[in-house]
**Q** 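Structure incoming, see below.
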Amino acid sequence: MRIVETDPKVLTLPQERLERVPAWGGASDSLSYVYRPSTIEQVQAVLQLARTNGRSVGLRGGGNSYGDAAMNAENILLDLRRMTRVLEWNPENGRIIVEPGVTIAQLWQYILEDGWWPPVVTGTMMTAIGGCAGMNVHGKNAWPVGPIGDHILAFDMMLANGDIIACSRDENSDLFHAAIGGMGMLGIFTAITLQMKRIYSGLLDVATESRPNLAAMFAYFEEHLENSDYIVGWMDAFAKGDALGRGDVHKANYLPPGVDPAPSQTMRLDKQHLPPTLFGIVPKSIIWVFMRPFMNNPGAWLINNGKYYAGKLTGPTQTRQPHAAFHFLLDYVPDWKRAYGRDGLIQYQPFIPKETAQDAFREMLQLCQKRRLPNYLTVFKRHRPDDFLLTHGLDGYSMAMDFRITKGNRSRVAQLARELDEIVLQAGGRFYFAKDSTLRPETAVAYLGQQTIDQFRALKQRCDPDKLLQTNLWRRVFG
Ligand SMILES: Cc1cc2nc3c(=O)[nH]c(=O)nc-3n(C[C@H](O)[C@H](O)[C@H](O)COP(=O)(O)OP(=O)(O)OC[C@H]3O[C@@H](n4cnc5c(N)ncnc54)[C@H](O)[C@@H]3O)c2cc1C
């Protein structure tokens, strides 16, 4: 459903606050009363306002969750993007304290010229640190360094009653491990302390090569895991038979001290910025228009095929690439999601143990093809377990699959997701709320376990007894 109509009861809140807020993928949206505070006192005032009006409060960082994680239909949405202060930075030890609205883009640009890089970054730099902690995001280095939570040293969290508590591995440790990845349901991060990663160059050593099928993709990962700082695969989800799961792999390594003869030059911001044009001519802002005709099954087949054969023809390559160019490939084409059309896209990203992942991914790719719902963009990563309560992490692999949504296929995609869920559960897998649009309560119980959910609910009862903090995702899966 695209539109949620306003309930007349809501009219006590000012109409001028009403905004239509989309899921990042654009496949759904809802009307909310949006507040954008810039201070702690203003956040407290919004919580009070919600109480007075009998409304719930959803939190929103950069709004980059593909589905409904940062939406709160007919209620208040607290958009934290104006809380962007760096509260403390120590370039000697790489510790930084930031407000939750500081984006990954602001963060790396703030620290880079001191010789540091964020330990974990997402595929877009538009995400905010509060939102990244709320979902416990991972990067292309998920295997060696884990999710962002493993690099958060402490945070201040405002509870639903407006009080602020400090959490770390030593203080309120249960809340520390549940609020990271807790989808903003326990409290509002107001200050987050992170440990940055020391680097010795603005460049990474990047190696790329194509792999002919799924088995070869897995073999490459297992062989190169221990000697790669970053490793990620792209797959052509249209390939069949012996070529099923073919694609490219990209691995990257930091340069050790002394290798880059002029690190202060390569770490300059102007050496990192993504170029404003493609091939020096086409403004990036209009590229999505040219992608639009290809966002259908034949067009996406052509692009996936073309990309695979281009990589195969070029053969293995070794280059030095700026950090930003390697990490934020998806930001090269602003608004690329608009190419998917007015009904947008959803992403489905299961996490599967290494022992069962290959068979499960094979079955999933084949099922998508059989249902004539191939995913247009498929990304493959290796993960490790972590100790956060609602974690998606495990010793295994994830496969992120983008599905175009149209009026005609919406219910078929939902049905496909149910079939895929079964494969994931059979394989002992997990799901990721940042990417989710389709998970059902029984599936969440099946993979998280009732005990874990009860534990989370007990913490929520402690931090938010009146259930003030809610989102569409929360009501859909746990409501
Ligand atoms: C192009 C693209 C690439 C991506 N690549 C990756 C990737 O490589 N790895 C990965 O893990 N994810 C990836 N994602 C998903 C994205 O990183 C997550 O959804 C992330 O949570 C988005 O951050 P955000 O600031 O936009 O948060 P939002 O989407 O706005 O919010 C995310 C969650 O955090 C909660 N929240 C927000 N602020 C706070 C706060 N101050 N306190 C408590 N809770 C809060 C919200 O309620 C919500 O539940 C990608 C998304 C896109 C669009």
Side-chain angles (χ1 to χ4, degrees), residues 21-26 37 40 43 56-72 77-84 98-107 120-142 146-149 152 155-160 167 175 178-192 230 232 327-337 344-347 349 351 377 379 381 383 390-393 398 400 402 432-437 463-464 469-474 477:
V21 181
W24 186 86
I40 299 273
V43 176
S56 64
V57 178
L59 310 180
R60 191 169 174 95
N64 293 278
S65 292
Y66 275 71
D68 51 2
M71 291 160 66
N72 194 20
L77 198 62
L78 199 53
D79 180 334
L80 294 152
R81 275 179 300 174
R82 285 177 68 213
M83 297 188 71
T84 54
V98 295
E99 285 190 332
V102 166
T103 59
I104 294 278
Q106 277 174 274
L107 182 62
V120 169
V121 296
T122 49
T124 170
M125 56 173 127
M126 308 303 173
T127 52
I129 301 301
C132 287
M135 284 301 175
N136 202 9
V137 301
H138 56 265
K140 299 176 179 77
N141 51 355
I148 198 164
I152 295 178
F155 55 78
D156 288 347
M157 183 165 78
M158 187 186 291
L159 304 179
C167 298
L175 290 179
I180 293 176
M183 307 167 283
M185 289 299 98
L186 298 183
I188 306 164
F189 302 125
T190 51
I192 304 173
Y230 298 95
V232 62
H327 287 291
F328 309 122
L329 195 65
L330 291 170
D331 293 338
Y332 262 100
V333 182
D335 281 337
W336 58 265
K337 63 183 173 184
L345 75 151
I346 65 162
Q347 191 176 95
Q349 186 181 13
F351 290 67
L377 177 66
V379 175
K381 285 183 193 150
H383 301 266
L390 297 186
T391 184
H392 53 275
S398 74
D402 287 4
Y432 185 20
F433 294 118
K435 307 295 182 70
D436 180 56
S437 300
C463 297
D464 179 19
L469 297 173
Q470 294 188 25
T471 55
N472 292 6
L473 168 74
W474 173 256
V477 181

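The figures here come from the full heavy-atom set of this structure, side chains too, leaving out hydrogens, waters and symmetry mates. Numbers here are sequence positions counted from 1. Order of appearance sets the numbers: ligands from 1, and atoms from 1 within every ligand. Bear in mind that the values here come from a model prediction, so they are computed numbers and not experimental data.
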**Q** May I ask you to check if ligand 1 and Lys381 share an N or O to N or O distance below 3.5 Å?
**A** yes
**Q** For ligand 1, is there an N or O atom under 3.5 Å from any N or O atom of Tyr432?
**A** yes
**Q** Report the nearest protein non-hydrogen atom to atom 20 (C) of ligand 1: residue, atom name, distance rounded to 0.1 Å.
**A** Val137 CG1, 3.7 Å
**Q** To which protein heavy atom is atom 26 (O) of ligand 1 closest, and what is the distance rounded to 0.1 Å?
**A** Asn64 N, 2.7 Å
**Q** Can Tyr66 be said to touch ligand 1, with heavy atoms closer than 4.0 Å?
**A** yes
**Q** Would Met183 count as being in polar contact with ligand 1, using the rule that some N or O on each side must be under 3.5 angstrom apart?
**A** yes
**Q** Does the residue Ala133 have a heavy-atom contact with ligand 1, meaning some pair of atoms that are separated by less than 4.0 Å?
**A** no
**Q** If you take all heavy atoms of Leu59 and Leu469, which pair is closest and at what distance?
**A** CD2-CD2, 4.4 Å
**Q** Taking both backbone and side-chain atoms of Gly63, is any N or O found less than 3.5 Å from an N or O belonging to ligand 1?
**A** yes
**Q** Test your reading of the structure: does Phe189 have an N or O sitting under 3.5 Å from an N or O of ligand 1?
**A** yes
**Q** Checking the N or O distance criterion of under 3.5 Å, is ligand 1 in contact with Thr124?
**A** no
**Q** Could you tell me whether some N/O pair between Thr471 and ligand 1 is separated by less than 3.5 angstrom?
**A** no
**Q** Any N or O of Ala69 that comes nearer than 3.5 Å to an N or O of ligand 1?
**A** yes
